[in-house]
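Let me begin by presenting the structure, written as structure tokens, before commenting on it.
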Amino acid sequence: MRAILALVSGAIFGAGLALSGMMNPARVRGFLDLFGDWDPTLAFVMGGAMLVMAIAWMVQKRMAAPAIGPRFHLPGTALIDRRLIGGAVLFGIGWGLAGLCPGPAIASLGTALLPAAIFVAAMLAGMGLFRLTDR
């Protein structure tokens, strides 16, 4: 049951990324190009995602446990420190340069294989490097 729900959730997420244009690096770079040929359409996608998550968090707060697990796995801290800011800056630079972030990159493996595969390989290498150095 858990694997089926994970598959359905992933498929819905991937479909949302494809329909919204988040898998198109040129469109993402157009959104981030505030002083050039700015494409504001992804702001509506992000606003819609924030609205959905706000509703999901309200529902989650009223639940004792998730439907298919013993407890929720939520971040344990709300601390904003140098590590978080540094990671956010690196994420933003990578997103701006490549036009992809992790979710759309993985979803793009089925359509834009080589560019997405290069991005995912670099992302996995960065994650591995972080695990090796963060001890």
Side-chain angles (χ1 to χ4, degrees):
M1 182 65 168
R2 190 179 190 147
I4 292 171
L5 286 176
L7 180 64
V8 170
S9 297
I12 292 171
F13 182 64
L17 292 172
L19 289 173
S20 67
M22 293 289 292
M23 290 170 47
N24 181 348
R27 191 163 181 191
V28 171
R29 284 191 295 265
F31 172 71
L32 297 174
D33 187 8
L34 296 175
F35 303 107
D37 191 19
W38 186 49
D39 177 5
T41 55
L42 290 183
F44 294 104
V45 173
M46 293 178 187
M50 290 173 59
L51 178 64
V52 169
M53 280 312 302
I55 293 169
W57 282 324
M58 288 185 337
V59 170
Q60 181 268 325
K61 284 183 179 180
R62 295 174 187 225
M63 297 174 64
I68 59 166
R71 64 181 180 89
F72 290 103
H73 298 277
L74 301 173
T77 181
L79 179 66
I80 298 174
D81 60 4
R82 288 185 355 200
R83 291 182 61 189
L84 178 64
I85 293 170
V89 168
L90 282 175
F91 179 91
I93 291 170
W95 195 36
L97 289 173
L100 289 170
C101 61
I106 292 171
S108 294
L109 287 175
T111 58
L113 191 57
L114 183 59
I118 291 170
F119 181 91
V120 170
M123 177 180 73
L124 292 175
M127 292 168 67
L129 182 63
F130 175 77
R131 283 188 181 227
L132 287 175
T133 59
D134 188 49
R135 292 179 185 210

Test side chain to side chain contact (heavy atoms under 4.5 Å, CB included) on Val28 and Leu100; report intermediate values, then the result. CA-CA 7 Å; Val28 171; Leu100 289 170; over 6 Å; no
Nearest-0.5 Å distance, [atom1] of residue [X] to [atom2] of residue [Y]:
X: Met1; Y: Ile68; atom1: CE; atom2: CD1; result: 7.5 Å
X: Leu124; Y: Ile106; atom1: CG; atom2: CD1; result: 7.0 Å
X: Met53; Y: Met46; atom1: CE; atom2: CE; result: 15.0 Å
X: Ser9; Y: Arg2; atom1: OG; atom2: CZ; result: 11.0 Å
X: Ser20; Y: Arg27; atom1: OG; atom2: CZ; result: 7.0 Å
X: Leu109; Y: Phe119; atom1: CG; atom2: CZ; result: 10.5 Å

Met63 meets the side-chain contact (heavy atoms from CB on, under 4.5 Å) criterion, sequence neighbours left out, with Val59, Phe72
Single-linkage hydrophobic cluster, 4.5 Å side-chain cutoff, [X] and [Y] together:
X: Leu17; Y: Trp95; result: yes
X: Leu19; Y: Val52; result: no
X: Val45; Y: Leu34; result: yes
X: Leu97; Y: Leu42; result: no

Heavy-atom closest contact ([X] atom, [Y] atom, distance):
X: Phe31; Y: Trp38; result: O-NE1, 2.7 Å
X: Ala116; Y: Ala105; result: CB-O, 3.7 Å
X: Phe91; Y: Pro102; result: CE1-CD, 3.5 Å
X: Asp39; Y: Thr41; result: OD1-OG1, 2.8 Å

Residues which pass side-chain hydrogen bond (donor to acceptor under 3.5 Å, both in side chains) with Asp33, listed by chain and number, not counting sequence neighbours: none
Quick one: does any side-chain atom of Arg29 pair with a main-chain N or O of Gly96 as donor and acceptor, under 3.5 Å? no
Looking at Asp134, I'd like to know if its CG atom is crowded, meaning that more than 12 non-hydrogen atoms belonging to other residues, nucleotides or ligands lie closer than 6.0 Å. yes
If you count the non-hydrogen atoms of other residues, nucleotides and ligands that lie under 6.0 Å from CD1 in Ile4, is the total more than 12? no
